[in-house]
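Below: one structure, written as structure tokens.
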Amino acid sequence: MRVSELLIPTLREVPAEAEVASHRLLLRAGFIRKVAAGIYTYLPLAQRVLMKIKAIVREEMNRIGGQEILLPIIQPAELWHQSGRWNVYGPELFRLQDRHKRDFCLGPTHEEIVTALVAAEVRSYKQLPLLLYQIQNKYRDERRPRFGLLRGREFVMKDLYSFDRDEEGLDRSYQKMFEAYTRVFSRMGLRFRAVEADTGAIGGSVSHEFMVLADSGEAVIVYCPDEACGYAANVEKAESMFVPETGGEEAPLEMVATPGMRTVEEVIGFLGVPAKRLVKTLLYRTERGLVAALVRGDREVNEVKLQNHLDVLTLELADEAAIEAATGAPVGFSGPVGLKVPLVVDREVAALKAAVTGANKADAHFVNVCPGRDFPVTGTADIRLVAAGDPCARCGKPLAEVRGIEVGQVFKLGEKYSRVMEAFYLDEQGIQRPMVMGTCGIGITRAMAAAVEQHHDADGIIWPVSIAPFHAVVLPVNVQDAEQAAAAGRVQQALAAAGVEAVLDDRAERPGVKFKDADLVGYPVRVTAGRHVAEGMVEVHNRRTRESALVPEEEAVTAVKKFLEA
RNA sequence: CGGGAUGUGGCGCAGCUUGGUUCAGCGCGCGUGCCUUGGGAGCACGAGGCCGGGGGUUCAAGUCCCCCCAUCCCGACCA
């Protein structure tokens, strides 16, 4: 193929809207164009990359016995009512009506529709296990689309659904999915880590996320540096070892004046006590009313854990007015003593014997607060956010922290969907049982962007060979020079014949322009036909290592392959 | 959804404070010609903009006011 004939609209200047590397480079290198917030057109180069990623994914899904299907994007509301998610999914669900005012949505995920399919078509244990998958667009009306392809409202996803007879079957399917994902991301040339994860809106019990390690990632991962331990989790899910501290001896409750001392820092400085003896009382608004979350002063609340603990759909910090109404005091002086709001007490708080809390009164705090004695503790929870340095929940060694981009997630769903969607089968005894489900998804378009995040430099993208839009570009320095043009053409033909995907940059541009574009687009290998063509030589260049080799034209294919395999 | 900011040829921006003859302009890109050909050359000519949309104020509005829309960035969700 010839660059002169391809639609590769590279930009010299950086579009103002792009912040992160993948967004910037994919726009500049002519891979994508924005149509609306979080909605993109994929140009030929991007489409080629996506096709490669999909091919890898298909191979690995087929390898574990997955059968590819194609489910509709537009889904009737009834199915979502049946699963109960029509309301649960909230404003992120793109909703629409047909001419008869019937409700539909654009699929953000396909549990409902695939489970309904299997419920209707599968009856016997003999047909299980069943692994169905598709590669298709997904729609989520994100609160805030951003970072280009990393968080779009329309994106391409591979989603697979597993149906098993029982938990043991699900365990096997889960293991298959997990291993397939490990192979997919390895083959894509990504540095990644599988971490324990919260199950979020999909629901279910066990879950792992596959994180591409990148500083631009939105997700925070904590992990145990001890390889033998290997604990790693999304911070939303992460737990640390519970080390109870009493914070001193039990003593009579006492109110002290703390004029103007609202923040943890102010109070500990004023009273001369460590932050870990303080209790933060945070009021949250939920659909069931206000709740108060209690964590130690040196901790942060993990809102995902809190939401799971409370089993509520909405959770957000209460505003000042609500806090004052509930506590009778301005913000900064809330405390659990005498508070007429349900309390969620972190286990570290429950362990304290003499804590400092707000007194629900302006400019006052309580000291020597004893949980259980001074306020009710009905069951405790782990609602704190784990941070780097906390002891590993498994081995006690200090945890480390790193950022990542979530490109895939595996779930054990259990019977959550099969029961409500009535996906039952008959076992050998003729007893009707719900199927046990699992699911996993890969963000195809996000994975492309994640690859760019991980593989680029100041000059442009550096595609891993396995997903590069083309393996090589052949670049005649001067297309007016008949010898150079001819040599470039021959090399490109030879490469194509040898199964190397090569483009010929035959544009009548000056060499600098073509070199810059080659670096920007990120072809793994470049072959330059320049002044050395007179001696029968061409230059072969490795984009990633910047290595160059001057080789006889006949050996160009071998040299290119060597770089591609390196 | 809160907070902040920005919308001016394809891209990047200036002009707005102090309305009006430098008000529609610059750089890049694009077209034609010449020239050049190992890291985004040079010269010449040229095409391209209802200044995000609507409403006001005014003799006069990119410029001032109001409303809307879009986009981006920071916080709560997810592949």
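The analysis underlying the following values was restricted to heavy atoms, covering all of them including side chains, and did not include hydrogens, waters or symmetry mates. The chains referred to below are lettered A, B, ... by the order of the sequence lines, with proteins before strands, and numbering in each begins at 1.
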*If you check every side-chain atom of A:Glu406, which of B:G38, B:U71, B:C78 has the closest atom?*
B:C78
_Just to be sure I understand the rule, does A:Gly408 reach a base, reach only the sugar-phosphate, or reach nothing, if contact means heavy atoms closer than 4.0 Å?_
sugar-phosphate
_Sugar-phosphate only, base, or nothing, as touched by A:Ala36 at under 4.0 Å among non-hydrogen atoms_ = sugar-phosphate
*Kindly point out which of B:G38, B:G40, B:C77 is positioned nearest to the side chain of A:Thr528?*
B:G38
_Reading RNA chain B from 5' onward, which residue's closest nucleotide shows up sooner: A:Ala529 or A:Glu218?_
A:Ala529
*Do the side chain of A:Arg144 and the base of B:A76 come within less than 3.5 angstrom through a donor-acceptor pair of N or O atoms?*
no
*Polar pair under 3.5 Å, donor/acceptor by atom type, side chain A:Glu509, base B:G40*: no
*Indicate, yes or no, whether a donor-acceptor pair under 3.5 Å links the base of B:G75 to the side chain of A:Arg146.*
no
*Rounding to the closest angstrom, what is the interatomic distance between B:G55 and B:A47 at atom P?*
32 Å
*Please tell me which of the listed nucleotides, B:C72, B:C74, B:C78, lies nearest to the side chain of A:Arg446?*
B:C78
*Remember a base hit wins even if backbone is also touched, and classify A:Arg28 as base, sugar-phosphate or nothing at under 4.0 Å, heavy atoms.*
base
*Does any donor-acceptor pair link the side chain of A:Glu13 with the base of B:G27 at a separation under 3.5 Å?*
yes
*Atom CG of A:Leu160 and atom OH of A:Tyr181: how far apart are they, to the nearest 0.5 Å?*
6.5 Å
*Between A:Phe94 and A:Arg153, is there a cation-pi geometry (under 6.0 Å to ring centre, at most 45° from the normal)?*
no
*Can a donor-acceptor pair under 3.5 Å be found between the side-chain atoms of A:Arg12 and the base atoms of B:C11?*
no
*To the side chain of A:Lys516, which of B:G40, B:C78, B:C74 is closest?*
B:G40
*asked:* Any base atoms under 4.0 Å from A:Lys158, or only sugar-phosphate, or nothing? Heavy atoms, all strands.
replied: nothing
*Tell me what A:Glu17 touches on the nucleic acid: a base, only sugar-phosphate, or nothing, going by heavy atoms under 4.0 Å.*
sugar-phosphate
*For this output row, return yes or no: ring centroids of A:Phe155 and A:Tyr40 closer than 6.0 angstrom.*
no
*Identify whether any heavy atom of A:Glu19 sits under 4.0 Å from a base atom; if not, whether one sits that close to sugar-phosphate; answer base, sugar-phosphate or nothing.*
sugar-phosphate
*Around atom CD of A:Glu300, are there more than 12 heavy atoms of other residues, nucleotides or ligands at under 6.0 Å?*
no
*Aromatic plane relationship, A:Trp463 with A:Phe31 - under 30° parallel, 30 to 60° tilted, over 60° perpendicular*: tilted
*Under the rule syn = chi within 90° of 0, otherwise anti, which is B:G62?*
syn
*Under 4.0 angstrom between A:Arg140 side-chain N/O and B:C78 OP1 or OP2*: no
_Any A:Gln409 side-chain N or O less than 4.0 Å from OP1/OP2 of B:A79_ = yes
*Can you tell me the pairing partner of B:A5 across any strand shown, Watson-Crick or G-U wobble, with both distances under 3.5 angstrom?*
B:U71
*Can you find a donor-acceptor pair, distance only, under 3.5 Å between A:Asn478 side chain and B:G38 base?*
no
